[in-house]
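Below is one structure; the comments refer to it alone.
Convention: sequence-line order gives letters A, B, ...; per-chain numbering from 1.
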Amino acid sequence: MKLNPAQQEAVEYISGPCLVLAGAGSGKTRVITNKIAYLVNECAYKPSQIAAVTFTNKAAREMKERVSSTLGKKASRGLKVSTFHTLGLNIIKKHITTLGYKAGFSLFDDKDTFALLNDLSMNDYNGDKDEVNALIRSISNWKNELMMPHQVLQRYKTGIEAEHGKWYEEYTRHMMAYNALDFDDLIMLPTVLLADDKAIREKWQMWIRYLLVDEYQDTNTSQYQLVRLLVGERARFTVVGDDDQSIYSWRGAQPKNLKLLNQDYPSLKLIKLEQNYRSSQRILHCANILIENNPHVFEKKLFSTLSQGEKLSVLVAKNEENEADKVIAELMAQKFMQDTQYKDYAILYRSNHQSRVFEKALMKNRIPYKISGGMSFFGRAEVKDMMAYLRLLTNQDDDNALLRVINTPVRGIGRATLAKLGEFAHLEDIALFEAMCHEQLHAILGAKAATSVEAFTRLIVMTSDNLARGDSVAVLRDFIKTLQYEEHLYAHANSPKVAEISMKNVSTLFTWVQDLLKGDALNAPMSMPEVVQRLTLRDMMERGEDDGEADQVQLMTLHSSKGLEFPNVFLIGMEEGLLPHQSSIDEDNIEEERRLAYVGITRAQQKLTFSVARERRQMGEFIEPTPSRFLYELPSDDIEWEWQKTPDSDEVRKSKTAKGLAGLKSILGD
DNA sequence: GTGCACTTCGTTTTT
DNA sequence: CGAAGTGCAC
C-alpha cells in the first residue's frame, strides 16, 4: 500500500520540527515506522541515532515489531523504541553515580511509595489514606513540574504545601537511603540532569540525532522538557498526536503541549492526517458525531472510503453475569458465521475489575483469551513474592522488598522480631537488612529469632553473590528450592491445582528473567538489576511467536487499547457511572470520558457491539444503572438496541454443534 | 510465632 | 462481593 500525500509529506519532512495531527486510524504508526525507515534508508541515519518514544509498553512493543518487519530485523538493530519511562531509565543508568545513587537501584511502584509515605507521615496523618494520597499527588505533581524539594520549601513557607514539601524532602532522603527511584523520578531526574549538565546534554544530543514521539498529546510538563532537551537547537524531531485521544490528563498530561510546541518552535511544520483507513463509514460517522460534542484544539475532519458497514449493536443484559454471557454468545455467533479467529475480537472496558466476570465466563466456555495490563500476572501473590525477592537480591537497601518476603515462607521472623529490628535500624539509621546482619544481633533478639535471621541473611548474601557470578536462572531455581517456596505454595493453596498454577507463574517469570538476561536480536543482554527494573516497569519484550500468533480474544481497558485495532470490538459496561465514570461525573470531567469512548469506538474495523447491564453489583450493593449518555449521543439510525431476549452462550454452543449454521441462524432469529 | 476467623474497606485509567 | 488487614486462640 502506498502512502497518501499527507502521509508522504509527514515521512519526508525531516529538515526541522514536525507536528503530525493524526486522527484515529489515519495510519500514524505507518507514518512513524516509514519515517524511521526513510531516515535509515534515504538519509543515512544509523538506527542507533534514532529514538522513538511512546507511552505504553504495548504501543512500544507494537512499534518495535512493525519497524523490524519494515526495515528487517538486522537493519533495525540499535534503534531505540521505548516508553518515556524506559528511556528515562536508560539515561539514569548511564549517569547513576552522578545522580547520587548506586547501581542496582530498586524501582518503587505506587504501592511501595504509599507504604513509605504512609510510614513517614504516621505522626501527622495517622495512616489516613486520603491525606497520604493527597501528599502523593502533591509530590507527583511537583516532580512532573520539575520542582525539587528545596525549591518547594523555598516557595511555600506556610499551609498544606509547606507541610507536603517537608514530607517531599523527607521522602527524597529516604528514597536515597533505599537506593530506590519512583516512576516520576524516571522522567524528572534525566530532565533535570540534562538541563543542568551541558556535557551530558550534548552527549545525548549526539547520541539521539532524531526523535519521534507518539501520542504527543499525552506528554506532561517534564516529558515535554525532556523532549526539548534531547532535541536541542537542531530540533530534528517529529511528534504525532491527536487531541481527541487525550486520555491521560489525570496523570498530568497537557494537551496544550500541542499548542505550546507551535510557540516554542516557530518553524514547526504542521501536517494533518484526515483519512481513516481502519473503520467502516458507519463506525467512523458515529465516532465523529460523538466527539463533536467536545471542544477542539485543532479542527480536523476524518473521512473513510471503506464500505458502509454493519449497524452498531447494543446488547441489553439483566446483570453483569448475563452481560458476559450475552457478549460471549454474540462473539461465538459472529465468529462462527464469519469464520474469523478469536484474536479478531477485543473486549474493552473502562476499569480493570470489569474483566473478572468475563474471565470467568470465557473460561467456562473454554474460549482462549488474553488480558493485557491490569493485575492478572503481576498482581498475583507468588509473582509479587518473587519480584520482592529479586529486588532484595539486587538491592539489599530495599526495605519494602525485604518486608514483603521476610517471613514468606514462614521462617520464624514474626511481628515482634520485626519491630525490634525496625527500631534498631531506625536508631542506627541503617537499612533493615543491614540491621539484620549486625553483630549485635544476639543482644537485641532472642536466640531462636537471631538464628532464623542469620540463616536468612546468609542465604540472601550467598544467592546475591552467586547471581552476580552468572548462570542466574539456575541460581534462582536453587534459591527457591532452599526457600522451600513450592512447599509453601502447596501448604497455602486451597487445592494442589492452584499451587501448580502458582508454580507455573514463578517459572514463567524466571523464563522472562532468562530471556531478558540473554537478550535477542532486538534487545541487548541485561544485568540482573536491569532485568528487575524492566520487570517492575512491566516492560518485557515479546516472546516471539507466543503472543502475536496466539489465537486469543483480547481483553483490555480502554486506556491500554489506544493505538490498537480489531475487526470486531465489544465495548462493555456502557453505563452512567462506569463510562462516564462516576468520579468524572462528580468532577464534571465528561469530556475526557467522551474521548475515552471515542478511543474505544475507533478501535473497531468492521463490527462494534456495546453492552449494558440493567442491574449491577457494586461493593455488595445492587444498583440499577442507566445506559451511558454517550449511547444517546450516537446517531440512532446507526444503532440497533437488542432489548428482547437474545440467546445465551449455552444455546449458541449447542445449536452450533447440533444443527450447524442453519440452526444457529434460527436461534439468532435471523 | 502461627494460623484462622472476623472485620473493614473499597473501584478509574498507567508507568 | 472480594481482597486485605486485625485480633485472638493455640
Report which part of the nucleic acid [X] touches: base, sugar-phosphate, or nothing (heavy-atom distance under 4.0 Å, all strands).
X	answer
A:Phe84	nothing
A:Arg251	base
A:Ala416	sugar-phosphate
A:Gly412	sugar-phosphate
A:Arg356	sugar-phosphate

Worksheet item: Does any donor atom in the side chain of A:His442 or A:Glu454 lie under 3.5 Å from an acceptor atom in the other side chain?
Response: yes
Worksheet, complete the sentence: Residue pair A:Thr557/A:Ala449 against DNA chain B: nearer the 5' end by closest nucleotide is A:Ala449
Whole angstrom value for the distance that separates [atom2] of [N] from [atom1] of [X]:
X	N	atom1	atom2	value
A:Trp250	B:dT14	CH2	C1'	5 Å
A:His353	B:dT13	NE2	C1'	12 Å
A:Asp110	B:dT13	CG	P	11 Å
A:His85	B:dT15	NE2	C1'	4 Å
A:Asn118	C:dG5	CG	C1'	13 Å
A:Leu596	B:dT14	CG	C1'	12 Å
A:Glu320	C:dC1	CD	C1'	9 Å
A:Arg61	B:dT14	CZ	P	13 Å

Would you say [N] has OP1 or OP2 under 4.0 Å from some side-chain N or O of [X]?
X	N	answer
A:Asn57	B:dT14	no
A:Thr417	B:dG1	yes
A:Thr536	B:dT15	no

Worksheet item: Hey, are the side chains of A:Asn179 and A:Tyr101 touching, using non-hydrogen atoms and a 4.5 Å cut-off?
Response: yes
Practice prompt. Could you work out the separation of B:dT13 and C:dA4 based on their P atoms and round it to a whole Å?
Written response: 15 Å
Fill in: Salt-bridge criterion met for A:Glu321 and A:Arg617 (N-O under 4.0 Å)
yes
Item to complete: Might you confirm whether atom CZ of A:Arg614 has over 12 heavy atoms from other residues, nucleotides or ligands at distances under 6.0 Å?
Response: no
Listing, residues 594-601 of chain A side-chain donor-acceptor contacts under 3.5 Å, not counting sequence neighbours, or none:
{"residue": "A:Arg594", "atom": "NE", "partner": "A:Glu633", "partner atom": "OE1", "Å": "2.9"}
{"residue": "A:Arg594", "atom": "NH1", "partner": "A:Asn294", "partner atom": "OD1", "Å": "2.7"}
{"residue": "A:Arg594", "atom": "NH2", "partner": "A:Glu633", "partner atom": "OE2", "Å": "2.8"}
{"residue": "A:Arg595", "atom": "NE", "partner": "A:Ser246", "partner atom": "O", "Å": "2.6"}
{"residue": "A:Arg595", "atom": "NH2", "partner": "A:Glu592", "partner atom": "OE1", "Å": "3.2"}

Acceptor/donor pairs from residues 125-136 of chain A side chains to any protein atom, 3.5 angstrom cut, sequence neighbours excluded:
{"residue": "A:Tyr125", "atom": "OH", "partner": "A:Glu163", "partner atom": "OE2", "Å": "2.5"}
{"residue": "A:Asp128", "atom": "OD1", "partner": "A:Asp130", "partner atom": "N", "Å": "2.9"}
{"residue": "A:Asp128", "atom": "OD1", "partner": "A:Glu131", "partner atom": "N", "Å": "3.3"}
{"residue": "A:Asn133", "atom": "ND2", "partner": "A:Lys129", "partner atom": "O", "Å": "3.2"}

Practice prompt. Determine, step by step, whether A:Tyr485 and A:His488 satisfy the ring-ring contact (aromatic ring centres under 6.0 Å, His included) criterion, reporting the C-alpha distance in whole Å, the side-chain angles of both residues, the deciding distance to 0.1 Å, and the verdict.
Written response: CA-CA 5 Å; A:Tyr485 192 76; A:His488 159 81; 5.3 Å; yes
Item to complete: Please tell me which of the listed nucleotides, C:dA4, B:dT14, B:dT2, lies nearest to the side chain of A:Asn407?
Response: B:dT2
Worksheet item: Pick the nucleotide of DNA chain C nearest each of A:Lys360 and A:Arg415; which residue has the one closer to the 5' end?
Response: A:Lys360
Worksheet, complete the sentence: Under a 4.0 Å heavy-atom cutoff, the residues of residues 577-593 of chain A touching DNA chain B are A:His581, A:Ser583
Worksheet entry | Donor-acceptor contact present, side-chain A:Thr557 to main-chain A:Ser560, <3.5 Å | yes
